[in-house]
Structures are given as C-alpha cells and as structure tokens.
Amino acid sequence: MVQLTLTRPDDWHLHLRDGTAMAAVVTATARCFARAIVMPNLKPPILTVEQALAYRERIRAVLAPNSRFNPLMTLYLTDNLPAGEIVKARASGQVMAVKYYPAGATTHSEWGVTHWHRVTTVLETMQTQGIPLLIHGEVTDEHVDIFDREKFFIEQVLEPLLSDFPALKVVLEHITTQEAVEYVQDSNANLAATITAHHLLMNRNDLFKGGIHPHHYCLPILKREQHRQALLQAATSGNPKFFLGTDSAPHARANKETTCGCAGIYTAPAALELYAEAFEQAQALDKLEGFASFYGADFYNLPRNQDKVTLTKQPWQMPNQFEFGDSQVVVPWRAGITIDWQQVHE
Ligand SMILES: NC(=O)N[C@@H](CC(=O)O)C(=O)O
Ligand SMILES: [Zn+2]
Ligand SMILES: [Zn+2]
C-alpha cells in the first residue's frame, strides 16, 4: 500500500463559524491539523482581542479532551480598529494576525476596509509589532469583471500598500491567478501567499460542467486552467512563500442551494487528502511536507510541529452531507465522490 508520512500540517486560513455550527465542523480540522489561523468574519465580526480570546475558548471547549489542536486567532480590520488593539494582540501571544477584507468583497465583509488609506496608523503599528496582515485580495468595484478582481487588487491596492509598508508581513490569501503567483514570487520575503486545495484541483469549467454547481462557488472565484497550472506550479515548487491555507468555508446547504447562494467551499473533511491528490497530479508528493507543514510555521515565526500524520492511498467515499448545528446540514466538497487518499488514524 502506498503511504505518505509527513510532519503534522497546519491550516493557515480556516473558517470555523461559531456556536453549534462551529462545534459540528471543528473536528474535521482538528483530526489532521495541529494549528489553524481562524478567520474573524463572524456576524458580528471579531473586533477586539478580548472577543478573539473568548472565541478561542469557545472553540477549545468543544474539542475532545485529549485534542492538542491549537486555534490561532485573528482580528477583523475595519476603518476604525484602534492601533492599541494591535499592541494587545502582540501581548496576548494568541491573536496572531489581522484580516483585511475590502468592504463588500466576500462573505461577511460588510464591516471591512473602505480604503487602505484609512488604516495606515494600524498598519504602521502592525509593521512595528511584527503582526502579519492577511488579505482577501479582490477589488470590489462592480465595473471590474469578477475574474479580474484579484489582478486589479494587486495593481491598485497591494502594490502601493507594500511600497508604503515594506517591512509589514503580509499574506495574500487564497491566491487564484498567475498574476498573483508572479507578484508573490518577485516580492521580498515579507510577502507570502496561501493556496487552497480546490483552486489547485478545479478551474472555472467546474462551476458549469453539465449544469451549475453551487458547491464549487467560492471567492475568489475559480479561474481558467492556465491559472490553476500556475498555482500548482507555485505550490509544488518548494518556494517557502507559498503554503497551505484551505479556506474551508462551510455554509448551510440551504444557503448554498438557493437563488443567491453564499460563497465558500467546505473542504475540511478531506483537506490534506485533497492536497495530496493535487501534488500527486503534479508528480510532486515530495514537496507536500514543506508546503503543508513547514513554510507557514516559518513565516509566522512559530516552531514546526514535531509529530507526524500518515496518508494511505485507500479510496473512500465522502459523505453527502454533515450535520451543521441547529438542524442544518453542510455539503462538503466532493460529496458522494471517491477520495483517493485517506488519513490513517492511530
Ligand atoms: N472563500 C469564500 O468563498 N468564503 C469565505 C470568505 C472568504 O474567505 O473570502 C467565507 O467565509 O465563507
Ligand atoms: Zn477571502
Ligand atoms: Zn476565507
């Protein structure tokens, strides 16, 4: 049997939601990942260190008693986030980063940043304190084609922002384009990017193959094949600027399969297995460990994990749905479909 053993990975971009929904999904991540950067886009969002630490305790409270899963918290950047909150975040040791949502760009981004010029004081403090800025990199101008929003964000926002804050650590999250890959490659070591499994394995045809697929809809939206190839190349290149962030983003089935469905793909139930599939496709399984288990920790100046996980090539079928709190269900990516790799649970 083909087996693959690697240092336990971390997920550097994850949505856990809150309440009973959170309780229903957190194990899917905790079974595999040692740590995860937990996104703050709750409704209402996580605006203070106090709220972030309380959210962290709610997550920890539903973990199995012997779980060593460590949720790493983030703050939601608004036009009004006080710089003092950054100092508190640094002191907390558990609030690791600040998330920049352009207002209106994605799920629960309505409290996000209207223009980066409004948050320069906070960025200044983050730069001094060494707190990374995590960016959803899409412009929100409705005149910009949805497939070009990432490219335009890089030109119109990221480039000027980085030139004003060259020492700020920045993660361009869930990149989807060749332009993003090239921009990150060509920048200094303070800029890194996360890549999702679904953007490594699907292109925009998968939104429409034989009919419309709401469970393939996420933001940034899937792009054409040329971009998927660029992402695959970046992820498997061994360049430490690219690391794992699933962007696993569960929504209730009823909110996906509807007239105006939510953006977000729930990949946590097979996250590492799906990355293995992508890396195998690129004949680069030997590069998975660096991408999944080393480079993110290095970027955040955290120790690499010590223990291991093992995947085996034993097909299994993804369930059609999972419970999602309060009599809701969530449909995972690849629902009802065979997954090639499987994590071995000791
Ligand atoms: N990726 C998504 O399509 N959705 C995310 C938000 C985000 O990461 O942009 C969500 O919270 O549902
Ligand atoms: Zn996003
Ligand atoms: Zn996300």
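Keep in mind that this is a model prediction, so the values were computed, not measured.
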Answer yes or no: are there more than 12 heavy-atom neighbours, outside [X] itself, under 6.0 Å from its atom [atom1]?
X      : atom1 : value
Gln226 : CD    : yes
Glu50  : CD    : no
Gln306 : CD    : no
Glu323 : CD    : no

Checklist entry - When the ring planes of His216 and Trp333 are compared, do they come out parallel, tilted or perpendicular, using 30° and 60° as the limits? => result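 Correct class here is perpendicular.
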Checklist entry - Phe291 vs Tyr275 aromatic rings, parallel, tilted or perpendicular, using cut-offs 30° and 60°? => result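 Tilted, since the angle between the ring planes falls between 30° and 60°.
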Is it the case that the side chains of [Y] and [X] hold a donor-acceptor pair, with the cut-off being a distance below 3.5 Å and no angle test?
X      : Y      : result
Thr310 : Thr5   : yes
Gln328 : Arg253 : no
Glu182 : Gln178 : yes
Thr194 : Glu173 : yes
His15  : Asp247 : yes
Asn305 : Thr7   : no
Arg56  : Asn70  : yes
Gln342 : Thr312 : no

Could you check if a side-chain atom of [X] sits within less than 4.5 angstrom of a side-chain atom of [Y], using non-hydrogen atoms only?
X      : Y      : value
Leu123 : Gln127 : no
Asp141 : Val144 : yes
Lys313 : Leu4   : no
Tyr183 : Glu155 : no
Ser293 : Arg304 : no
Pro102 : Phe153 : yes
Leu201 : Asp206 : no
Tyr76  : Tyr101 : yes

Nearest atoms (heavy-atom pairs only) where [X] meets [Y]:
X      : Y      : result
Phe324 : Ala252 : CE2-N, 3.4 Å
Leu311 : Ala276 : CD1-CB, 3.7 Å
Leu232 : Ala282 : CG-CB, 4.0 Å
Phe69  : Leu63  : O-CD1, 3.8 Å
Trp111 : Pro44  : CH2-CA, 4.4 Å
Ile86  : Leu81  : CD1-CD2, 4.0 Å

Should [X] and [Y] be counted in the same cluster of Ile, Leu, Val, Met, Phe, Trp and Tyr side chains packed under 4.5 Å apart?
X      : Y      : answer
Leu134 : Ile131 : no
Leu162 : Met126 : yes
Leu14  : Ile37  : no
Met73  : Phe33  : yes
Ile339 : Phe322 : yes

Checklist entry - Any chance the rings of Trp12 and Tyr300 have centres within less than 6.0 Å? => result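 Yes: the rings meet the under 6.0 Å criterion.
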Atom [atom1] in [X], atom [atom2] in [Y]: separation rounded to 0.5 Å?
X      : Y      : atom1 : atom2 : value
Asp148 : His143 : CG    : NE2   : 14.5 Å
Met96  : Asn301 : CE    : CG    : 8.5 Å
Thr106 : Glu138 : OG1   : CD    : 7.0 Å

Checklist entry - Can you name the one residue among Glu150, Lys99, His174 that meets side-chain hydrogen bond (donor to acceptor under 3.5 Å, both in side chains) with His136? => result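 So, applying the side-chain hydrogen bond (donor to acceptor under 3.5 Å, both in side chains) to His136 and each of Glu150, Lys99, His174, only His174 qualifies.
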Item to check | Candidate list His215, His198, Glu277, test side-chain hydrogen bond (donor to acceptor under 3.5 Å, both in side chains), partner Arg334, passing option | outcome: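 Result for side-chain hydrogen bond (donor to acceptor under 3.5 Å, both in side chains) with Arg334: Glu277.
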With the threshold set at 4.0 Å, does a side-chain nitrogen-carboxylate oxygen contact exist between [X] and [Y]?
X      : Y      : answer
Glu179 : Lys223 : no
Arg31  : Glu273 : yes
Arg58  : Asp18  : yes

Next on the checklist: Leu207 vs His213, test: side-chain contact (heavy atoms from CB on, under 4.5 Å). Steps then yes/no.
Outcome noted: CA-CA 5 Å; Leu207 281 163; His213 293 263; 5.7 Å; no
Next on the checklist: Run Val330 and His251 through side-chain contact (heavy atoms from CB on, under 4.5 Å) and show every step you take.
Outcome noted: CA-CA 6 Å; Val330 56; His251 290 273; 5.9 Å; no
Next on the checklist: Cation-pi check for Phe147 against Arg204: NZ or CZ below 6.0 Å from the six-membered ring centre and within 45 degrees of the axis, yes or no?
Outcome noted: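 Geometry flag: set, cation within 6.0 Å and 45°.
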Item to check | Ring-face cation contact, Phe299 with Lys169, 6.0 Å cut, 45° max | outcome: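 Lys169 over Phe299 ring: yes.
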Next on the checklist: Under the criterion side-chain contact (heavy atoms from CB on, under 4.5 Å), I'd like the reasoning laid out for Thr74 against Val38: C-alpha separation, chi angles, the key distance, then a yes or no.
Outcome noted: CA-CA 6 Å; Thr74 56; Val38 180; 5.6 Å; no
